[in-house]
Amino acid sequence: MLSVGSVVIGVSDVPRAAAFWTEALGYVPRDEPEDDWVVLVPADGAGVRLSLGLSETPVQEHPRIHLDLYAGDAADQAAEVERLVSLGARRVDWDHYPDDADFVVLADPDDNRFCVIDTGRH
């Protein structure tokens, strides 16, 4: 039986991306980071790995795959969005928001899109 071992994200600057995602998620490098590759793991050892690889592929405005980061409720979501923005993320003027969206779309410093979800509404 297979399992997801790592989610891989293409980035234009591996050290910058690693700095952002380690702070954003509380992850640590599994091994010594390279200039073109790093695998980040949860500091407590439990959870999905996040691998960052050097890429020259342009970022998609409407990516087919992205990360959903779960927040506990609306207040937690708002606080996490502000924290992530202070770390270098930016808000995305997303043109596909439903009227009562439970998610906020952000972009990391490499412009990869991800969402912060208010899970208190589920």
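Starting from 1, each residue takes its place in the sequence as its number.
Ion pairing of Arg121 with Asp73 is absent here, as no side-chain N (NZ or NE/NH1/NH2) approaches a carboxylate O to less than 4.0 Å.
Residues Ser51 and Val39 approach most closely at OG-CG2, 3.6 Å, considering heavy atoms. In this structure, Phe114 and Asp108 approach most closely via the heavy-atom pair CE2-N, 3.6 Å. For Glu61 against Arg113, the heavy-atom pair with the smallest separation is O-NH1, 3.1 Å. The heavy-atom pair separating Leu40 from Trp21 by the smallest distance is CD1-CB, 3.8 Å. Listed here is the closest heavy atom pair of Ala17 and Val11: CB-CG1, 3.7 Å. Nearest approach of Val105 to Cys115, heavy atoms of both residues: CG2-SG, 4.0 Å.
Here the side chain of Asp36 pairs no donor or acceptor atom with the backbone of Gly53 at under 3.5 angstrom. Side chain of Asp110 to backbone of Ser12: a donor-acceptor contact under 3.5 angstrom is found. Remark: the backbone N or O of Ala75 is not paired with any side-chain donor or acceptor of Glu80 at under 3.5 angstrom. The main-chain N or O of Thr57 is found under 3.5 Å from a side-chain atom of Ser55 such that the two form a donor-acceptor pair.
Rounded to the nearest 0.5 Å, atoms CG (Leu84) and CZ (Arg91) are 10.0 Å apart. With rounding to the nearest 0.5 Å, the separation of CG in Leu87 from CD in Glu82 is 11.5 Å. Separation of atoms NE2 (His96) and NE2 (His62) is listed at 4.0 Å; rounding is to 0.5 Å. With values rounded to the nearest 0.5 angstrom, Ile117 atom CD1 is found 4.0 Å from Asp68 atom CG.
Both Val7 and Leu54 are assigned to one and the same hydrophobic cluster, defined by single-linkage of ILVMFWY side chains at heavy-atom distances under 4.5 Å. Hydrophobic clustering (ILVMFWY, side-chain heavy atoms < 4.5 Å, transitive): Leu25 and Trp37 are in distinct clusters.
Residue Leu50 is tested with Val8, Val38, Thr22, Leu67 for a side-chain contact (heavy atoms from CB on, under 4.5 Å); the sole match is Leu67.
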Test Gln77 against Val104 for side chain to side chain contact (heavy atoms under 4.5 Å, CB included), laying out the working first.
CA-CA 8 Å; Gln77 177 190 44; Val104 175; 3.7 Å; yes

Pair Arg83, Val85 - check side chain to side chain contact (heavy atoms under 4.5 Å, CB included), show working.
CA-CA 5 Å; Arg83 183 179 73 84; Val85 167; over 6 Å; no

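Counting only heavy atoms from C-beta outward, the side chains of Leu106 and Val81 approach each other to under 4.5 Å.
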